[in-house]
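Reminder, nothing fancy here: chain letters follow the sequence lines and each chain counts from 1.
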Amino acid sequence: MHQQTILIAVPPLFNFQECLWFLNRNYDDCLHLVTETAVFKAIATPYGDVLFQVSEQGNFLKIEILEGVANPECRDFLTAYVSDWFDLDRDLLPFYMQLKRDSRLAYMAENFSGLRLMGISDMFEALCWSIIGQQINLTFAYKMKRRMVERYGRHIEWDNQVFHIFPEPAVLANAEIDVLRGMQFSQKKAEYVIGAARAFVEGTLSRSLIDALPDFESRQKALVGHKGIGIWTANYVLMKSFRAPEGIPHGDVGLLNALTGHGIIAERTEKDKIEAFFRDYAGWETYVTFYLWRSLAVKPLT
DNA sequence: ATCCAGGGGTCAC
DNA sequence: GTGACCCATGGA
């Protein structure tokens, strides 16, 4: 019998509740289940599908494997997976130093202390999700994602609940446009998602391909070369999946709203001011973006 | 009804 | 390279 529990030491400036809250917010994400004290998630691994739960135990994150293999290799995989998901290896202190130098955003270092940039380690998932989320409100986007995942993804049943796994590229590559349209995808959006899936199947797009490129600009360019991937989508993927600090989702409505809301810009068109703002946060562009997104959501009183 | 939402493509200049 | 315009579809 393999051990079912893994403990990961938590870094300084880490707040599990903040991370948990962001995973939940008020949206219906079909790819994890958040409770008061834990998050449940099912993923595909090289060792088969696994359902696990992450909670906090003292100064450790505790991963409990609920379904699927728990051999040492898979345990290592899950350890790396969760570390990446919660961005545990990053030292946030320099970021908080910068926030505190910025009178407009200094409060974030206190109010959101310990919030990590929650990632999407599967690049294909990050790409599909960002395509789905283009130009529509998030409530609707989560609804569309759920329909697609329920139709094309595998799942694990446990304790009378269903935990969905994001569909494989090979499955979505054979999806029919009309089926996606029935899920309220626009014609173009259906084409983009299926096109992305086919690119992954054909090998013209992959994590290793992007990883092999020398710098941020070339990675961005390689992504934008595909239909349906503009600057916003490319940078979103680079932010959430590759953790490139420079992956600012330029033009993002939420980002622009937060920038105006904090008095950093007066108009959405003030490109030079936006540039100057991010220059102050060099190396932390995506983190400050993430915290600005966080600031848009009002945390309910508990 | 009207404006908006974590954009992208196309096409003129 | 930049800007105007169109597209698409539900939320509030």
Side-chain angles (χ1 to χ4, degrees), chain A residues 21-31 108 112 115-120 123 125-148 177-199 205 217 220-262 264-265 267-272 274-275 277-278 281 285-299:
Chain A
W21 183 83
F22 192 88
L23 286 177
N24 186 19
R25 292 183 280 170
N26 40 351
Y27 296 115
D28 174 38
D29 196 324
C30 60
L31 294 177
M108 291 180 168
F112 308 152
L115 172 65
R116 302 277 159 163
L117 200 170
M118 302 304 295
I120 302 175
M123 176 192 170
E125 177 191 328
L127 179 54
C128 292
W129 172 231
S130 57
I131 291 171
I132 290 172
Q134 289 169 2
Q135 186 57 20
I136 58 174
N137 66 72
L138 279 177
T139 304
F140 180 42
Y142 277 109
K143 206 176 280 183
M144 289 167 70
K145 180 171 87 165
R146 174 178 286 283
R147 292 184 184 128
M148 192 182 83
I177 289 188
D178 286 344
V179 177
L180 292 179
R181 296 225 56 181
M183 300 173 183
Q184 294 171 294
F185 280 61
S186 66
Q187 176 74 24
K188 288 296 180 192
K189 213 165 262 195
E191 289 173 8
Y192 296 162
V193 168
I194 293 171
R198 292 188 175 157
L205 188 52
E217 283 71 23
Q220 188 183 69
K221 197 175 291 180
L223 286 166
V224 171
H226 294 262
K227 286 287 182 195
I229 306 182
I231 197 75
W232 180 89
T233 304
N235 284 6
Y236 184 91
V237 170
L238 289 167
M239 163 172 63
K240 297 282 273 189
S241 199
F242 290 81
R243 296 196 171 282
E246 320 93 311
I248 305 163
H250 291 291
D252 181 87
V253 179
L255 174 58
L256 291 171
N257 285 344
L259 288 174
T260 52
H262 286 85
I264 293 163
I265 57 173
E267 294 295 331
R268 293 183 174 194
T269 49
E270 293 173 333
K271 212 171 169 183
D272 48 342
I274 296 173
E275 218 170 279
F277 168 74
F278 279 113
Y281 285 90
E285 294 93 327
T286 54
Y287 250 92
V288 75
T289 298
F290 192 72
Y291 273 49
L292 284 166
W293 279 343
R294 167 66 183 84
S295 75
L296 294 171
V298 180
K299 198 169 183 173

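Evaluated for a side chain to side chain contact (heavy atoms under 4.5 Å, CB included) with Ile274(A), the options Ile248(A), Ile264(A), Ile265(A) yield exactly one hit, Ile265(A).
One interatomic measurement links the two molecules: CE of Met239(A) to P of dG7(B), which rounds to 12 Å at whole-angstrom precision. The separation between Gln135(A) atom CD and dG7(B) atom P is 6 Å, rounded to whole Å. Atom C1' of nucleotide dG8(B) and atom CG of Leu223(A) are separated by 15 Å, given to the nearest angstrom. Rounded to an integer number of Å, the gap from Arg268(A) CZ to dC4(B) C1' is 9 Å. Taking atom CD of Glu191(A) as the reference point, atom C1' of dG7(B) lies 15 Å away to the nearest angstrom. If you take CD of Gln187(A) and C1' of dG8(B), they are 15 Å apart, rounded to a whole angstrom.
Residue Ser130(A) comes nearest to Trp232(A) through the heavy atom pair O-CZ3, 3.1 Å, listed as atom of the first residue, atom of the second, then distance.
Listed in residue order, the members of residues 138-147 of chain A having a heavy atom less than 4.0 Å from DNA chain C are Phe140(A), Lys143(A). Across residues 241-248 of chain A, not one residue has a non-hydrogen atom less than 4.0 Å from an atom of DNA chain B.
Interatomic distance, CG of Leu292(A) versus CZ of Phe112(A), reported as 9.0 Å (0.5 Å rounding). Interatomic distance, CG of Leu205(A) versus NE2 of His226(A), reported as 4.0 Å (0.5 Å rounding). To the nearest 0.5 Å, the span separating CD1 on Ile229(A) from CG on Asn235(A) amounts to 11.5 Å. Distance CD1/Ile194(A) to CZ/Phe185(A): 9.0 Å, rounded to 0.5 Å.
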Measure all distances between protein nitrogen or oxygen atoms and nitrogen or oxygen atoms of nucleotides 10-13 of chain B, and list the pairs falling under 3.5 Å.
residue	atom	partner	partner atom	Å
dT10(B)	OP1	Lys227(A)	NZ	3.3
dT10(B)	OP2	Lys227(A)	NZ	3.0

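For Lys221(A), there are no side chain to side chain contact (heavy atoms under 4.5 Å, CB included) partners, not counting sequence neighbours. For Gln184(A), the side chain to side chain contact (heavy atoms under 4.5 Å, CB included) partners are Phe140(A), Arg147(A), not counting sequence neighbours.
The backbone N or O of Leu117(A) sits less than 3.5 Å from a side-chain atom of Tyr287(A), completing a donor-acceptor pair.
First and last contacts of DNA chain C with chain A, using any nucleotide atom under 4.0 Å from a protein heavy atom and ordered 5' to 3', fall at dA8(C) to dG11(C).
Considering only heavy atoms from C-beta on, Arg268(A) comes within 4.5 Å of Val253(A) through its side chain.
Between dG7(B) and Ser130(A), no contact under 4.0 Å exists linking OP1 or OP2 to a side-chain N or O.
Contacts of Ile229(A) with the nucleic acid, taken as non-hydrogen atoms under 4.0 Å apart, involve only primed sugar atoms and P, OP1 or OP2.
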